[in-house]
Amino acid sequence: MILGFQWLLVPAVLLVRAGGSPPPSVPLDDVVVESKFRPKECVRAAEPGDFVRYHYLGTLPGGNQFDSSYNRGSTYNVFVGKGRLIAGMDKALIGMCVNERRFIKVPPHLAYGDEGMPDKIPPDATLFFDVLMLDIWNPEDKVKIEVHYKPENCSRVVQVSDFVRYHYNGTLLDGTFFDSSHTRQRTYDTYIGIGWLIPGMDEGLLGMCMGEKRTITMPPFLAYGDRGDGNDIPSQATLVFHVTLVDFHNPKDSVAIEQEFVPDPCLRKTKKGDFVRYHYNGTLMDGTLFDSSYSLNQTYNTYIGEGYVIAGMEEGLLGVCIGEKRTIIIPPHLGYGEEGISGSIPGSAVLAFHIHMIDFHNPADKIKIKTYHKPTNCTVLSKKGDYIKYHYNATLMDGTKLDSTHNYGKTYNVVLGSGQVVIGMDMGLTNMCVEEKRTIIIPPHLGYGESGIAGEVPGSAVLIFDVELVELVAGLPEGYMFVWTTSQVSPDLFQEIDKDKNKEICLEEFSEYILMQVESGQGKLAPGFPPDKIIENIFSNQDRNEDGNISADEFKLKEEETNHHDEL
């Protein structure tokens with residue numbers, strides 16, 4: 001042991017041997033110190049009153065070993081300057097840096113003098129010590145914090161009762177590694193200020209920003225004290241933690257929303273019950289991407305307010321405009337909780353969803369019509385059965401172009417109410433006059449529904465059509481395919497059609513007669529359909545026994561009392 005002499009508060013004589021020359025052979029008046037290795041960075045140097053931890057090897061002049069901390073498997077831990085070391089060691093350890101190695105020569109009068117130490121050190125023995133300094137601290141020490149990186153945008157810092165998730169590397173003051181969250185590939189997750197951490201860590205994490213990196217150095221009495229942890233942390237060890245704060249939250253936190261772009265005007269905002277289509281990137285607070293609709297090349301489509309998405313997302317998607325971009329920050333109790341999602345979202349993780357609202361609708365929505373040009377003479381309005389020709393530009397709500405008749409240099413031609421266009425378009429094209437221009441907004445249940453059109457129109461998409469009515473051909477009354485335009489119809493109609501007088505009308509005779517009526521202006525076919533198809537349809541209706549001919553008993557006229565139309 002190296003105890004028993006009062007420490008002399010005088011500086012040690014520091015001699016560094018050059019060229020490996022031997023120490024002087026003359027009797028020594030003071031200690032001789034040779035710094036065998038001194039680190040480039042002296043993290044701390046011993047001062048009077050400090051507590052030091054060091055390894056040493058003690059030998060006599062002949063080279064015989066009389067003591068060694070290595071043999072005991074533990075460092076020598078002691079205060080310097082309090083009379084607990086021989087005077088020579090007290091002097092020689094002052095100014096020594098952590099990780100410094102010194103060769104120390106102590107004369108007898110600063111060691112064990114003319115009495116020596118029974119069975120170990122003879123009287124008047126000069127002692128040689130090979131010392132490696134590992135740790136230095138002082139009872140007055142406090143937690144030391146060194147910030148290496150702090151994000152510019154730091155809207156909130158860690159406070160007592162927050163739940164934190166951080167990565168760390170833990171070392172002793174001499175750099176000896178003892179633990180790391182990185183080796184376990186998971187953050188260390190805990191509450192702050194409720195006694196779940198050692199006091200120095202509880203204090204050192206306070207005031208950190210999300211993403212901040214700092215080094216927290218704490219004396220042993222704010223760490224594991226004189227007992228260590230029983231494994232890798234020795235007694236009276238100063239601890240150094242290199243910490244990166246990944247995220248934190250408080251159980252009282254609500255959803256936070258950061259609006260990045262809000263269109264102006266915003267004609268409508270999402271509400272409960274709406275069906276929304278949006279793109280998103282989902283990240284942890286350190287920027288780690290865990291999911292993205294963009295990578296799937298399709299929007300995420302869901303109802304809000306009906307429990308289809310996590311609670312935080314339900315809240316964050318309310319009050320959003322079409323085209324708006326926002327970040328929704330969701331604490332874990334409103335996200336995926338303490339369990340997270342295996343392989344993608346760790347437990348107790350704060351989530352950030354960067355969303356872009358593409359469109360939304362409500363199942364109760366109807367089409368919306370906005371007329372932006374109407375000619376002065378607007379008396380004839382389109383109706384069911386009319387044959388119309390129109391131009392259109394079709395887009396999604398985010399402006400994505402779908403199609404345009406202008407690309408083909410011709411109009412789009414349909415018969416209203418015949419099922420040739422989606423229901424919403426049929427409705428939107430009704431009651432238009434020629435040259436009128438309007439915008440028709442069609443919700444998906446009146447458009448292409450949940451399926452959309454593969455490669456063209458996404459599922460559940462709201463559609464926008466900018467249309468211009470170019471031409472209108474009035475249709476026939478509802479339920480009619482052919483009418484006479486004259487007031488008189490021949491009473492011998494069957495005989496007129498039956499050219500070969502065989503008392504049966506074949507399709508060829510029937511078709512020839514109808515086309516002759518149309519050409520002469522005495523009859524009219526429903527516009528917008530191939531004449532031969534209409535005639536075949538009329539013929540089939542008359543051929544009631546389906547034998548391919550119409551008999552006199554089968555042949556009947558359809559009377560329309562109010563307008564006095566007759567139709568076959």
Side-chain angles (χ1 to χ4, degrees), residues 153 155 210 247 254-306 308-331 334-336 341 344-345 349-363 365 368 393-403 439 441-444 447-466:
N153 182 17
S155 58
M210 198 89 70
D247 70 23
S254 58
V255 170
I257 294 172
E258 300 174 2
Q259 290 180 316
E260 295 155 11
F261 170 74
V262 179
D264 184 20
C266 176
L267 301 180
R268 177 179 162 187
K269 296 182 178 182
T270 54
K271 62 182 186 298
K272 287 184 178 180
D274 284 344
F275 189 88
V276 296
R277 293 178 57 246
Y278 61 94
H279 271 302
Y280 71 90
N281 285 320
T283 68
L284 305 180
M285 292 305 289
D286 64 352
T288 301
L289 181 73
F290 62 80
D291 196 11
S292 174
S293 62
Y294 296 99
S295 63
L296 301 175
N297 200 30
Q298 63 181 29
T299 55
Y300 190 81
N301 309 332
T302 187
Y303 286 95
I304 53 175
E306 299 186 11
Y308 289 112
V309 291
I310 55 177
M313 205 62 173
E314 290 266 35
E315 182 179 340
L317 289 171
L318 292 175
V320 186
C321 305
I322 289 175
E324 182 175 339
K325 296 180 180 180
R326 62 168 53 177
T327 296
I328 305 170
I329 300 174
I330 302 175
L334 297 176
Y336 292 98
I341 297 178
S344 58
I345 299 176
V350 178
L351 308 178
F353 286 92
H354 310 274
I355 72 151
H356 179 198
M357 183 61 67
I358 302 301
D359 69 22
F360 62 89
H361 71 280
N362 195 283
D365 284 350
K368 293 182 179 179
N393 290 314
T395 65
L396 301 179
M397 292 296 284
D398 65 348
T400 300
K401 295 180 179 180
L402 296 177
D403 197 12
T439 297
I441 301 175
I442 303 175
Y448 292 102
E450 295 182 6
S451 300
I453 299 177
E456 297 182 41
V457 180
S460 301
V462 178
L463 307 176
I464 300 180
F465 285 90
D466 292 310

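Partners of Y448 according to the ring pair (Phe, Tyr, Trp, His ring centres under 6.0 Å) rule, which considers only residues two or more places apart in sequence or in another chain, do not exist here. Every salt bridge (Lys or Arg N to Asp or Glu O under 4.0 Å) that K271 has, sequence neighbours left out, goes to D274. For M210, the side-chain contact (heavy atoms from CB on, under 4.5 Å) criterion is met by D247, F248, M285, not counting sequence neighbours. With sequence neighbours excluded, the residues satisfying side-chain contact (heavy atoms from CB on, under 4.5 Å) with S460 are F275, R277, E450. Partners of P444 according to the side-chain contact (heavy atoms from CB on, under 4.5 Å) rule, which considers only residues two or more places apart in sequence or in another chain, are H361, V462. Residues forming a side-chain contact (heavy atoms from CB on, under 4.5 Å) with S451 (at least two apart in sequence, or on another chain): none. Here D291 pairs with Y280 under the side-chain hydrogen bond (donor to acceptor under 3.5 Å, both in side chains) rule; sequence neighbours left out. Listed by chain and number, the residues in a ring pair (Phe, Tyr, Trp, His ring centres under 6.0 Å) with F360 amount to none (sequence neighbours excluded).
L334 and I330 get closest at one heavy-atom pair: O-CG2, 3.3 Å. For R326 against G316, the heavy-atom pair with the smallest separation is NH1-O, 2.8 Å. Closest of all the heavy-atom pairs between I355 and I328 is CD1-CD1, 4.1 Å. Between L318 and I304, the closest heavy-atom pair is CD2-CD1, 3.8 Å. Between P363 and G273, the shortest heavy-atom contact is CD-O, 3.6 Å.
Side-chain atoms of T288 do not come within 3.5 Å of backbone N or O of T283 as any donor-acceptor pair. Side chain of T270 to backbone of V320: a donor-acceptor contact under 3.5 angstrom is found.
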I'd like a table of donor-acceptor pairs (distance under 3.5 Å, sequence neighbours excluded) in which one partner is a side-chain atom from residues 256-263, with atom names and distances.
residue: Q259; atom: NE2; partner: E324; partner atom: OE2; Å: 3.2
residue: E260; atom: OE2; partner: T327; partner atom: OG1; Å: 2.2

Side-chain donor-acceptor contacts of residues 294-301 below 3.5 Å, not counting sequence neighbours, with atom names and distances?
residue: S295; atom: OG; partner: S292; partner atom: O; Å: 2.8
residue: T299; atom: OG1; partner: N301; partner atom: OD1; Å: 2.6

Throw together a table of side-chain donor-acceptor distances under 3.5 angstrom for residues 308-315, partners on residues two or more places apart or in other chains.
residue: E314; atom: OE1; partner: G305; partner atom: N; Å: 2.3
residue: E314; atom: OE2; partner: E306; partner atom: N; Å: 3.4
residue: E314; atom: OE2; partner: G307; partner atom: N; Å: 2.6

message: Using side chain to side chain contact (heavy atoms under 4.5 Å, CB included), reason through I358 and M397 one step at a time and then give a plain yes or no.
response: CA-CA 6 Å; I358 302 301; M397 292 296 284; 5.8 Å; no
task: Walk me through it: do L284 and V350 pass the test side chain to side chain contact (heavy atoms under 4.5 Å, CB included)?
output: CA-CA 6 Å; L284 305 180; V350 178; over 6 Å; no
field: Evaluation steps, side chain to side chain contact (heavy atoms under 4.5 Å, CB included), between R268 and D365
entry: CA-CA 12 Å; R268 177 179 162 187; D365 284 350; 3.1 Å; yes
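Atom CG of D466 and atom OG1 of T395 lie 6.5 Å apart (nearest 0.5 Å). For the atom pair I441 CD1 and I322 CD1, the distance stands at 7.5 Å (nearest 0.5 Å).
Annotation: disulfide (SG to SG under 2.5 Å) contacts involving residues 259-297, sequence neighbours excluded, comprise C266-C321.
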